[in-house]
S.K.: 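Supplied in structure tokens, the structure appears directly below.
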Amino acid sequence: MGSLAFISAEERPLTLEIQSLANRLVRLDISEPSQFLACAVSQSSLLEQIKARQLDDPHLLVLIETVLRGGAKELAIGEDGVLGLQGRLCVPNVDGLRERILEEEHSS
């Protein structure tokens, strides 16, 4: 999908929704102007869950916008489109994802 930095402000909400769907592994195929096909791909890795949910966290959305405007040097969006801080993934605060990660860490 391209960079949000090159999309007009009016188109950004729709683009973020499409990216959120893609991050949730829903693929859209628009073969004709009046038709499109959506299919879901299932994966269960924790990393994929983190990637998929970053655009659902309103605080991370603000950080992503800041990075795209060049205003946050310590944050970066990787080649895979994932927001990170000093080489670490930014875990979204949605659906108890952070708590599940902490529980898994303590049970290991």
Side-chain angles (χ1 to χ4, degrees):
M1 171 168 294
S3 169
L4 293 179
F6 298 106
I7 296 173
S8 71
E10 296 84 26
E11 295 172 332
R12 282 190 183 179
L14 177 59
T15 304
L16 289 171
E17 280 193 47
I18 292 170
Q19 183 65 46
S20 180
L21 284 171
N23 286 342
R24 290 183 189 187
L25 304 173
V26 174
R27 303 293 180 236
L28 300 176
D29 179 21
I30 303 170
S31 55
E32 295 182 29
S34 62
Q35 300 176 352
F36 69 92
L37 171 68
C39 79
V41 179
S42 176
Q43 291 185 347
S44 62
S45 106
L46 184 57
L47 178 60
E48 290 301 321
Q49 290 178 44
I50 292 169
K51 289 179 184 181
R53 302 311 303 265
Q54 280 192 337
L55 293 176
D56 295 330
D57 185 321
H59 299 291
L60 291 184
L61 276 177
V62 170
L63 293 175
I64 290 169
E65 286 290 328
T66 303
V67 170
L68 291 173
R69 285 187 304 243
K73 303 298 181 212
E74 65 280 358
L75 293 164
I77 298 176
E79 291 180 16
D80 56 2
V82 178
L83 180 67
L85 172 66
Q86 298 176 349
R88 295 183 181 200
L89 287 177
C90 293
V91 178
N93 191 21
V94 292
D95 294 338
L97 187 56
R98 289 181 180 175
E99 290 78 15
R100 280 186 284 167
I101 292 171
L102 290 172
E103 287 173 9
E104 286 184 27
E105 175 123 347
H106 290 305
S107 66
S108 299

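Being a predicted model, the structure only gives us computed values, none of them experimental.
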S.K.: Run the numbers on L60 and L55 for side chain to side chain contact (heavy atoms under 4.5 Å, CB included), then give the verdict.
M.R.: CA-CA 7 Å; L60 291 184; L55 293 176; over 6 Å; no

S.K.: Nearest 0.5 Å, what's the CD1-CD distance between I101 and Q49?
M.R.: 8.0 Å

S.K.: Does L83 share a hydrophobic cluster with V62, counting links as ILVMFWY side-chain heavy atoms below 4.5 Å and allowing steps through other members?
M.R.: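 Different clusters: L83 never reaches V62 through Ile, Leu, Val, Met, Phe, Trp or Tyr contacts under 4.5 Å.
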
S.K.: CG of L68 to CD1 of I77: how many Å apart, nearest 0.5 Å?
M.R.: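 Going from the CG atom of L68 to the CD1 atom of I77 covers 4.0 Å.
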
S.K.: Compile the donor-acceptor pairs under 3.5 Å between side chains in residues 86-98 and protein atoms, sequence neighbours left out, one pair per line.
M.R.:
| from | atom 1 | to | atom 2 | distance (Å) |
| --- | --- | --- | --- | --- |
| D95 | OD2 | R53 | NH1 | 2.3 |
| D95 | OD2 | R53 | NH2 | 3.0 |
| R98 | NE | V91 | O | 3.0 |
| R98 | NH2 | V91 | O | 3.1 |

S.K.: Please name the pair of heavy atoms, one in D56 and one in P58, separated by the smallest distance, quoted to 0.1 Å.
M.R.: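 Minimum heavy-atom contact is O-CD, 3.5 Å.
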
